[in-house]
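Reading through the structure tokens given below for one structure.
Only this structure's heavy atoms are used, side chains among them; waters, hydrogens and symmetry mates stay out.
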Amino acid sequence: MKLSTFNLLNRTLSEQQLSLITRFLLGTSLILIIALSYSYNEINQELINYSEKVNQTQRVISSLNEVSSALYESTYHANTYLFLKDTAYINKTLAAAKTIPALTQKIDSLVVGNESQQKRLEALKVHVGEFSTYTERLAKSATLVNPAIVYALYKKKNLEVDSITKLISEMNNVEGQLMHMRVRSRDNYRLQVFRYNWIIMLVAIVFLSSAFVLLDRELKRNQFYRIDLENKIENLNRSNSELEQFAYVASHDLQEPLRKIRSFSDRLVSKYQEEISDEIFQMLNKIDGSAQRMQLLINDLLSFSRIVKTGSDARLINLNTSLADAKSNLSEMIMENKAVIHSELLPSVEGYGSQMVQLFQNLLSNSIKYHKEDQRPIIRITHRLVNGEIIPGVKPSHQEIQFHQIKISDNGIGFKKEFSEKIFIIFKRLHGRNEFAGTGIGLAICKRVVSNHNGYIFAESTEGEGANFYIYLPSESLLS
């Protein structure tokens, strides 16, 4: 299946956009849920408050009804006693009358905070006290002897009953109105609690749904990335395989004809040196020189191809040892040019030992090769720790990592600033073959080595004032 995933990927959100949207959704949802929860709590408190008030009003009404019933019972038994002259009703009258003060006292704690009801309750208590007094006097047997006294007490008792009944009716009306308002408020808050429950649930559903959609979209994009990455890995493995095949051909099939060309040209020169003309002799020399250059080019290509694969597991490398090995390999070149190399103490990094030796060897040989004729080469190698964020073009994942900066400076001929990136391109040469030997592959190998170690390499120079090479290697292990 041919991938057209990049078109799909381009239509999806970038990581930064996805992060911003997710944070916005999370922040907005949290703010809404917190605000709604706070409001829900306030409304729930009001609901509880009004529910308690409704219950309180209900208890006041029930207590008033109990007072009214006790009043009716006491009056009924007193009247029966007066008309029938039956002493059996005296105890019933007094028992009913005694419950009334206790009931009014119970109401006292239920109307706290309501001044108008408290005033009515105080008046009710006064009338209840008078009613009790008149009832007790009527219940005495001595009172029945004098009809005038009985009539006067009976009339006063009935007036108190009327007053009590009126006050109870007024208090019931007030409590009834309060009950209506409180029940309506309670039901309103209950409805709001119900609505807030749905709103909070809706906000949570919207956030979870949005998060699911974004996550599902990101998973699909990661699937496209995975498929695309698998194809790239397959292509890379194919390219590496072809490069290995090329290296095999270069090392065997290409070098064998070159050796024969050089061998036969040498035999022609040695066998027919006296017979051939100078022109033919020069042609044979050019053939031999071209074959030598071709062989050098093939050898350098082989060196570059070997850098593609590490060939071994990474291990802790002491760069001082790698530098010493490189200097040892270049000992003849160093002595011939009387080069001086000053180096600070270098760190240890995780990597591939042979590649590190090749890195230092190529950079040192470059600095020695491109020295000024009237000066001996002087090379300085320094080291310091830096943060990844200062490296030009650093990957976002490397910005928070510390890197070893290894600076290699020389006093050579340098190069123009516009060539600071081009010199790392394979086969790129800034000078002709007649000026300086080489194929232009050494710095390309250096860049490959540093890249294999998840590092960076840069060069800066001013023509005629030497060159500076900056190598950045991660201080922590990034190799699998």
Quick one about [Y] and [X] (side-chain donor to acceptor, distance below 3.5 Å, no hydrogens or angles considered), yes or no?
X: Glu46; Y: Gln192; result: no
X: Asn114; Y: Ser116; result: yes
X: His398; Y: Tyr456; result: yes

Measure the spacing between [atom1] of [X] and [atom2] of [Y] and express it to the nearest 0.5 Å.
X: Leu359; Y: Leu443; atom1: CG; atom2: CG; result: 10.0 Å
X: Ile408; Y: Ser343; atom1: CD1; atom2: OG; result: 8.5 Å
X: Gln56; Y: Asn49; atom1: CD; atom2: CG; result: 9.5 Å
X: Ile43; Y: Arg195; atom1: CD1; atom2: CZ; result: 10.0 Å
X: Ile341; Y: Leu323; atom1: CD1; atom2: CG; result: 7.0 Å
X: Ser475; Y: Glu350; atom1: OG; atom2: CD; result: 12.0 Å

Quick check: does any side chain N or O of [X] sit under 3.5 Å from a backbone N or O of [Y], one acting as donor and the other as acceptor?
X: Ser328; Y: Ala324; answer: no
X: Asn173; Y: Ser169; answer: yes
X: Glu460; Y: Asn468; answer: no
X: Ser209; Y: Ile205; answer: yes
X: Ser365; Y: Asn362; answer: yes
X: Ser367; Y: Leu363; answer: yes
X: Ser163; Y: His127; answer: no

With sequence neighbours excluded, residues passing salt bridge (charged side-chain N to carboxylate O under 4.0 Å, His left out) with [X]:
X: Arg59; result: none
X: Lys125; result: Asp108, Glu122
X: Glu465; result: none

Please report the closest heavy-atom contact between [X] and [Y], naming both atoms and the distance.
X: Phe403; Y: Gly388; result: CD1-CA, 3.7 Å
X: Ser132; Y: Pro101; result: OG-CG, 4.4 Å
X: Ala70; Y: Thr99; result: CB-OG1, 3.5 Å
X: Thr104; Y: Leu121; result: O-CD1, 3.8 Å
X: Arg120; Y: Glu170; result: NE-OE1, 3.6 Å
X: Asn454; Y: Pro474; result: O-CD, 3.7 Å

Problem set entry | For Arg186, side-chain contact (heavy atoms from CB on, under 4.5 Å) partners two or more places apart |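 Partners of Arg186 by the side-chain contact (heavy atoms from CB on, under 4.5 Å) criterion, ordered by chain and then number, come out as Leu47, Tyr50, Ser51, Val54, Val183, Arg190.
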For this session: For Leu364 and Ile381, run side-chain contact (heavy atoms from CB on, under 4.5 Å): C-alpha distance rounded to whole Å, both residues' side-chain angles, the deciding distance at 0.1 Å, then the answer.
Result: CA-CA 10 Å; Leu364 291 177; Ile381 304 174; 4.3 Å; yes
For this session: Give me the ring orientation class for Trp198 and Phe194: parallel if the planes are under 30° apart, tilted from 30 to 60°, perpendicular past 60°.
Result: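 Plane angle over 60°, so perpendicular.
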Mind checking whether [X] and [Y] have side chains closer than 4.5 Å, heavy atoms only?
X: Ile379; Y: Ser409; answer: no
X: Ile406; Y: Thr382; answer: no
X: Glu476; Y: Gln402; answer: no
X: Leu346; Y: Phe360; answer: yes
X: Tyr352; Y: Ile317; answer: no
X: Ile378; Y: Asp410; answer: no
X: Lys157; Y: Phe131; answer: yes
X: Val111; Y: Glu175; answer: yes

For this session: Take Gln405 and Tyr470 through the side-chain contact (heavy atoms from CB on, under 4.5 Å) test and state the conclusion after the steps.
Result: CA-CA 7 Å; Gln405 183 199 72; Tyr470 296 90; 3.9 Å; yes
Exercise. After noting the C-alpha distance and the side-chain angles of Thr75 and Glu160, does the key distance pass the side-chain contact (heavy atoms from CB on, under 4.5 Å) rule?
Worked result: CA-CA 11 Å; Thr75 303; Glu160 295 300 329; over 6 Å; no
Exercise. If you count the non-hydrogen atoms of other residues, nucleotides and ligands that lie under 6.0 Å from NZ in Lys53, is the total more than 12?
Worked result: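 Result for NZ/Lys53: enclosed.
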For this session: In sequence, state the C-alpha distance, the side-chain angles, and the governing distance for Glu344 and His383, and then conclude on side-chain hydrogen bond (donor to acceptor under 3.5 Å, both in side chains).
Result: CA-CA 7 Å; Glu344 294 181 357; His383 163 261; 5.6 Å; no
For this session: Write out all pairs satisfying salt bridge (charged side-chain N to carboxylate O under 4.0 Å, His left out) with one or both partners inside residues 388-401, taking only residues at least two apart or from two chains.
Result: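 Residue pairs with at least one partner in residues 388-401: there are none.
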For this session: May I have the step-by-step check of side-chain contact (heavy atoms from CB on, under 4.5 Å) for Ile391 and Phe458, ending in yes or no?
Result: CA-CA 10 Å; Ile391 302 174; Phe458 303 97; 3.6 Å; yes
For this session: Apply side chain to side chain donor-acceptor pair (under 3.5 Å) to Asp325 and list each qualifying residue two or more places apart in sequence or on a separate chain.
Result: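 If we apply the side chain to side chain donor-acceptor pair (under 3.5 Å) test to Asp325, skipping adjacent residues, there are no hits.
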